[in-house]
Amino acid sequence: MKYSSYFVFTSKEKPSQAYNISHSLLLRGSYILQLAAGIYNFLPLGFRVLKKVWKIIEEEMDRIGALEVLMPAIHPSDLWEKTGRWQTMDDVMFKFQDKKGTKMVLGTTHEEIITYIVSKYAKSYKNLPLLLYQIQTKFRDEIRPKGGLIRAREFIMKDLYSFHTSWECLNKTYQDVYDAYMRIFQRLSIPVEVVEAFSGPIGGDVSHEFMVITDAGEDKFVKCPNCGYAASVEVAKIGSRNIQYSYTPKENLNKIYTPDLKTIDQLVKSIGKKESDFIKSVLYKEGNEYILVLVRGDKEINEIKLSKYLGCEPVLAKEEDFEKLGSVAGFIGPINLRKKIKIIADFSVLGLKNAIIGANEKDYHYKDVDYENILIDEFADISKAIDGDLCYRCRGYYKLFPALELGHIFKLGTKYSEPLEAYFTDKDGKTKPIIMGCYGIGVSRIISAIIEAYSIENSITWTFNSSPFFIYIITVNIDDEKQFNISEKIYKDLLSENIEVLWDDRKESPGTKFKDWELLGIPLCIVVGNKINQGIVELKINSNFPKTLPMNYFDRSFYDLSLSDLITKIKQIYLDLDRKINGIMKI
RNA sequence: CGGGGUGUAGCUCAGCCCGGCUAGAGCGCUUGGUUUGGGACCAAGAAGUCGGAGGUUCGAAUCCUCUCACCCCGACCA
């Protein structure tokens with residue numbers, strides 16, 4: 001492509017709307033253009049990147065025997081009503097009615113539709129397993145879209161669904177997909193961490209998320225540097241410290257006056273103690289039973305873990321519940337409650353001394369309370385993991401990472417096949433529900449993730465398989481006949497070698513062209529300038545190009561090459577990269 | 001959905017508090033010229049119903065009311 005006739009409109013100014021680097025650079029490089037909140041145009045450059053990512057995913061899906069389909073984006077409500085998600089996913093669905101008044105929805109995900117398809121055809125164990133996937137637009141009316149492509153309301157997702165006769169078969173496919181995902185991220189040179197995850201409204205018991213560590217993300221996970229266990233904070237199990245507990249009531253309780261200080265945050269600011277000097281007490285209700293949950297002040301209760309531990313889903317208590325217990329919201333505590341209720345403490349409470357707790361009296365807290373002064377029924381792992389928590393496996397200390405989720409894989413079981421009546425006849429002649437798995441990748445989000453992973457202030461850094469072009473040609477002075485002719489020849493030679501090239505053939509000053517090369521993020525750049533009079537052109541290398549590759553080309557920022565060596569050298573680099581990065585294909 | 005913020009030229013913003021004359025700057029764009037290894041220079045020029053509606057006023061970008069859009073922080077997700 002020639003710059004002068006291509007669709008490139010770079011901008012020097014930082015867009016006022018963009019807060020994170022990927023959003024900002026995608027806009028500045030004219031990769032995307034916003035149409036509405038969370039809704040973006042992919043411009044020619046952006047679409048080129050999207051298709052690159054798309055292609056890698058397709059190749060890896062095809063390789064594990066998955067078959068590509070394309071399902072509609074518009075769905076009638078009935079299938080969604082059958083699975084109950086017409087209600088449970090209501091808040092993110094774009095719903096509307098057609099002319100006849102039939103309720104319709106723009107697809108948020110496709111479990112219902114794919115299960116419908118498979119239920120029509122796969123009637124025998126002989127037809128299974130089946131792996132079907134698509135790369136398609138999803139619509140989610142997110143409460144808050146964010147960060148450009150990071151969370152959009154219309155976005156491109158790869159969704160794969162697998163159908164099996166047995167859990168053993170599902171487990172095998174789950175592993176295949178896991179491996180395929182690792183190859184996808186390797187080929188895109190995205191450093192991912194795989195973490196155990198919560199399966200949420202998609203369903204299923206086991207799931208893994210593929211995360212990239214970045215502040216631009218919306219998730220958090222902990223990882224144990226000692227044994228490698230990693231899990232999203234929603235599910236991360238925390239080890240218990242080896243501390244004995246024997247209840248010893250405190251004789252004289254010391255009250256402190258804490259007017260209107262109801263939250264830990266307010267208390268910390270006012271009293272000047274650390275968050276971890278407090279014990280947070282939260283009152284839950286399950287049926288007619290009350291449960292008081294205690295957690296160290298710097299920690300949060302994890303309701304997912306709490307529900308799992310209790311085997312039910314307690315709800316937060318209301319104002320009148322506090323009164324019934326002779327307490328008051330904001331000042332509730334485990335000591336001197338009017339009624340004996342169940343008290344569960346998180347492991348983080350073990351060993352706490354001289355803590356501050358609610359006194360069950362408006363505007364008062366108790367101080368100097370030790371953990372053993374509290375009558376605790378049970379200790380359990382019910383808090384969100386934070387930095388420094390104990391690894392439940394090896395007793396190492398967790399590190400907390402901010403992360404962006406790029407992929408998520410689930411074992412669904414029969415959550416969808418039963419309500420949608422996707423049954424097959426097994427060898428034994430019996431009718432059984434199909435066992436399912438589902439596996440997503442945020443295709444458009446990956447684009448942002450690559451930028452977040454490698455890019456700096458004014459410069460994108462694409463990876464080998466994601467860059468819209470492999471090489472950029474700068475003709476320093478386009479009016480110089482010699483420079484022009486040589487540039488044109490190089491351009492044509494590269495095209496004939498099938499190397500994607502963008503030639504900056506504009507009548508602009510050199511600085512402008514160098515800045516554009518950097519902003520656009522293309523790995524290599526050929527500079528055709530004055531050195532041409534000595535028969536030399538320069539080959540420049542994006543200094544941020546992922547160094548994880550064992551390739552010495554990238555030790556230097558530029559090479560002076562004779563014209564005769566240039567194309568050979570570029571071909572050699574290209575083929576080496578291709579072999580090293582895409583070579584994992586050839587097993 | 002709660003809290004905070006912003007809408008003025010293609011982009012980034014000033015002007016608004018304290019109403020006043022033809023609404024400004026930089027970048028970008030157009031034309032001509034000079035330049036050409038790190039966002040060049042000179043000259044001339046085009047470009048804005050000040051997000052929208054209503055109101056107050058002799059007079060509104062500026063004050064008031066309503067409204068729309070977008071962004072940021074929190075609970076959900078690829």
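The sequence lines fix the lettering, A, B, ..., with proteins before strands; numbering per chain opens at 1.
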To the nearest Å, give me how far apart [atom1] ([X]) and [atom2] ([N]) are.
X: Lys14(A); N: G28(B); atom1: NZ; atom2: P; value: 18 Å
X: Glu142(A); N: C70(B); atom1: CD; atom2: P; value: 15 Å
X: Glu234(A); N: A78(B); atom1: CD; atom2: P; value: 11 Å
X: Glu13(A); N: A14(B); atom1: CD; atom2: P; value: 12 Å
X: Glu300(A); N: A75(B); atom1: CD; atom2: C1'; value: 11 Å
X: Tyr19(A); N: C71(B); atom1: OH; atom2: C1'; value: 6 Å
X: Phe139(A); N: A78(B); atom1: CZ; atom2: P; value: 17 Å
X: Met89(A); N: A78(B); atom1: CE; atom2: C1'; value: 11 Å

Kindly indicate whether the side chain of Arg445(A), heavy atoms from C-beta on, has any atom under 4.5 Å from the side chain of Glu405(A). yes
Full working for salt bridge (Lys or Arg N to Asp or Glu O under 4.0 Å) between Glu300(A) and Lys220(A): CA-CA 14 Å; Glu300(A) 272 178 74; Lys220(A) 288 189 170 74; over 6 Å; no
Does a side-chain N-to-carboxylate-O contact under 4.0 Å join [X] and [Y]?
X: Asp346(A); Y: Arg296(A); answer: no
X: Glu59(A); Y: Arg63(A); answer: no
X: Lys415(A); Y: Glu111(A); answer: no

Nucleic acid footprint by protein, nucleotides 34-41 of chain B - heavy-atom cut-off 4.0 Å, B for base, S for sugar-phosphate alone: -BBBBBS-
If you take any heavy atom closer than 4.0 Å to RNA chain B, which residues from residues 153-162 of chain A end up in contact? Phe155(A), Met157(A)
Identity of whatever pairs with [N] - Watson-Crick or G-U, under 3.5 angstrom:
N: A78(B); result: none
N: G32(B); result: C42(B)
N: C16(B); result: none
N: C70(B); result: G5(B)
N: U22(B); result: none
N: U65(B); result: A53(B)

Distance check, [atom1] atoms only: [N] and [M], in whole angstrom units.
N: C64(B); M: U56(B); atom1: P; value: 15 Å
N: G15(B); M: U8(B); atom1: P; value: 14 Å
N: A60(B); M: C16(B); atom1: C1'; value: 10 Å
N: C72(B); M: A9(B); atom1: C1'; value: 26 Å
N: C73(B); M: U57(B); atom1: C1'; value: 40 Å

With sequence neighbours excluded, what pairs up with Asp141(A) under the side-chain contact (heavy atoms from CB on, under 4.5 Å) test? Phe94(A), Arg153(A)
Those residues that, when tested against Leu563(A), pass side-chain contact (heavy atoms from CB on, under 4.5 Å) (two or more places apart): Ile486(A), Ile490(A), Ile532(A), Val537(A)
Can you find a side chain N or O atom of Ser16(A) that sits less than 4.0 Å from OP1 or OP2 on C11(B)? no
Describe the nucleic acid contact of [X] in one word from base, sugar-phosphate, nothing, applying a heavy-atom distance below 4.0 Å.
X: Asp91(A); answer: nothing
X: Ala152(A); answer: base
X: Ile143(A); answer: base
X: Gly148(A); answer: nothing

Consider the side chain of Lys146(A), meaning its heavy atoms from C-beta on, and name the nucleotide among C76(B), C72(B), C1(B) that approaches it most closely. C72(B)
Taking N or O atoms only and anything under 3.5 Å, show me the protein contacts with nucleotides 2-7 of chain B, one pair per line.
none

Closest nucleotide of RNA chain B for Gly442(A) versus for Gly147(A): which of these residues is on the 5' side? Gly147(A)
If you assign Arg151(A) and Leu35(A) each to the RNA chain B nucleotide with the nearest heavy atom, which residue ends up on the more 5' nucleotide? Leu35(A)
Quick check, are the ring centers of Tyr40(A) and His23(A) under 6.0 angstrom apart? yes
Give a yes or no answer on whether the side chain of [X] reaches the backbone of [Y] with a donor-acceptor pair at less than 3.5 Å.
X: Lys95(A); Y: Trp86(A); value: yes
X: Thr475(A); Y: Ile478(A); value: no
X: Lys158(A); Y: Tyr439(A); value: yes
X: Trp503(A); Y: Glu488(A); value: no

Return the set of residues passing salt bridge (Lys or Arg N to Asp or Glu O under 4.0 Å) with Asp480(A) (not counting sequence neighbours), or none when no residue passes. none
Start with the C-alpha gap between Asp321(A) and Lys285(A), add the side-chain angles, then the distance that decides, and say whether salt bridge (Lys or Arg N to Asp or Glu O under 4.0 Å) holds. CA-CA 8 Å; Asp321(A) 296 313; Lys285(A) 198 177 178 186; 3.2 Å; yes
